[in-house]
Amino acid sequence: MGFHTFDAENAGRLENAAKRYRSVSAEELQRALSLTGTETVADLGSGTGFYTDDVAVFAKRVYAVDIQPEMHEYYREKGLPENVELVTSGIEELPFGDAALDAAFSTMTYHEFATETALAELNRVVRPGGRLVLFDWSADGDGEHGPPVDERYSASEAAEALAEAGFEIETEQSRVETFAVVAVRTE
Ligand SMILES: C[S@@+](CC[C@H](N)C(=O)[O-])C[C@H]1O[C@@H](n2cnc3c(N)ncnc32)[C@H](O)[C@@H]1O
């Protein structure tokens, strides 16, 4: 793993809707992904499935990818939407074929997997023209909530890494404590 991985013992904290939607709302996530209901999507580092559920409403199939089986167990007990499939895997080596995904997204997790290997793997599995959407804690934030500031990336650092991995940056946004980057896999 290499980076600091969220402790599965704190999984319950990821279910505090009032706090979570203050950082990233379900609506802005759906807008960034721009789904029509026909897409196959992956949630990268899905945790308890807090945002997976929101996206599943607008997608044909969602793969909830997480490296910790305990997180999947929590999500299974909470109740899985019919079109969500749990995938226990690191993002660095995904069990998907080339161009198998119409889109992929990640919420508050990029800082835990931001390696060249992981981004190259995402470039392999997202189809040309498909979206990669990242929301995460920003290095420009004050660190009052979320992981320590020195473990985070800024919007421009994330955008630069995605561009180097073969994605075209559609939008890049710095907010109070978080950032959003929407990228499209080049042809
Ligand atoms: C901070 S939690 C966020 C969970 C979820 N995205 C959310 O917003 O509620 C990060 C999750 O990413 C998972 N994770 C971290 N590194 C990963 C990796 N390299 N591959 C797959 N999952 C990873 C952790 O196990 C954890 O469940």
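Order of listing sets the numbers, starting from 1, for every ligand and every atom in it.
Ion pair D98/R127 not flagged as a salt bridge, since none of the NZ, NE, NH1 or NH2 atoms sits closer than 4.0 Å to an Asp/Glu carboxylate oxygen.
The distance criterion of under 3.5 Å between nitrogen or oxygen atoms is met by D66 with respect to ligand 1. Where the criterion is an N or O separation shorter than 3.5 Å, residue side chain and backbone included, T107 meets it with respect to ligand 1. Some N or O of R20 is nearer than 3.5 Å to an N or O of ligand 1, by distance alone. Of the N or O atoms in I67, one or more lie within a sub-3.5 Å distance of an N or O in ligand 1. An N or O contact shorter than 3.5 Å links I91 to ligand 1 by distance. Checking only distances, T5 never comes within under 3.5 Å of ligand 1, N or O to N or O. By the 3.5 Å distance cut-off applied to N or O atoms, T48 is not counted among the residues near ligand 1. Inclusion of G45 in the set of residues having an N or O under 3.5 Å from an N or O of ligand 1 is warranted.
Here salt bridge (Lys or Arg N to Asp or Glu O under 4.0 Å) pairs that include residues 161-176, with residues two or more places apart or in two chains, are E28-R175, R131-E170.
Put simply, the side chain of N123 gets close to the backbone of A165: a donor and an acceptor are under 3.5 Å apart. In this structure, the side chain of T48 does not engage the main chain of Y75 through any donor-acceptor pair within 3.5 Å. R124 places a side-chain N or O within donor-acceptor distance of the main-chain N or O of L94, the cut-off being under 3.5 Å. Judged by distance alone, the side chain of D102 and the main-chain N or O of V41 form no donor-acceptor pair under 3.5 Å.
Atoms of ligand 1 found under 4.0 Å from any heavy atom of E92 (numbered from 1 in listed order, with element): 19 (N). Of all the atoms in ligand 1, the ones that sit under 4.0 Å from a non-hydrogen atom of G90 are 20 (N), 21 (C). Listed by atom number, the atoms of ligand 1 under 4.0 Å from Q68 heavy atoms are 24 (C), 25 (O). Numbered from 1 in the order shown, with element, the atoms of ligand 1 that lie under 4.0 Å from a heavy atom of G47 read 4 (C), 27 (O). Atoms of ligand 1 lying under 4.0 Å from at least one heavy atom of M108, given by number and element, are 1 (C). Residue contact check: F113 has heavy atoms under 4.0 Å from atoms 19 (N) of ligand 1. Atoms of ligand 1 found under 4.0 Å from any heavy atom of Y51 (numbered from 1 in listed order, with element): 8 (O).
Rounding to the nearest 0.5 angstrom, the gap separating the OH atom in Y63 from the CG atom in L86 is 12.0 Å.
Contacts between E112 and ligand 1, counted as non-hydrogen atom pairs separated by less than 4.0 Å, involve both the backbone and the side chain. Only the backbone of S89 comes within 4.0 Å of ligand 1, judged by heavy-atom distances. Within the 4.0 Å heavy-atom criterion, the part of S46 lying near ligand 1 is the backbone and not the side chain.
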Legend entry - R152 and E177: CA distance, side-chain angles, deciding distance, salt bridge (Lys or Arg N to Asp or Glu O under 4.0 Å) verdict: CA-CA 11 Å; R152 308 175 183 190; E177 187 77 83; 2.7 Å; yes
Legend entry - Full working for side-chain hydrogen bond (donor to acceptor under 3.5 Å, both in side chains) between T52 and D43: CA-CA 6 Å; T52 323; D43 181 355; 2.7 Å; yes
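With sequence neighbours left out, the salt bridge (Lys or Arg N to Asp or Glu O under 4.0 Å) criterion links D54 to no other residue.
Note: Y110 and F179 have perpendicular aromatic rings, judged against thresholds of 30 and 60 degrees for the angle between ring planes.
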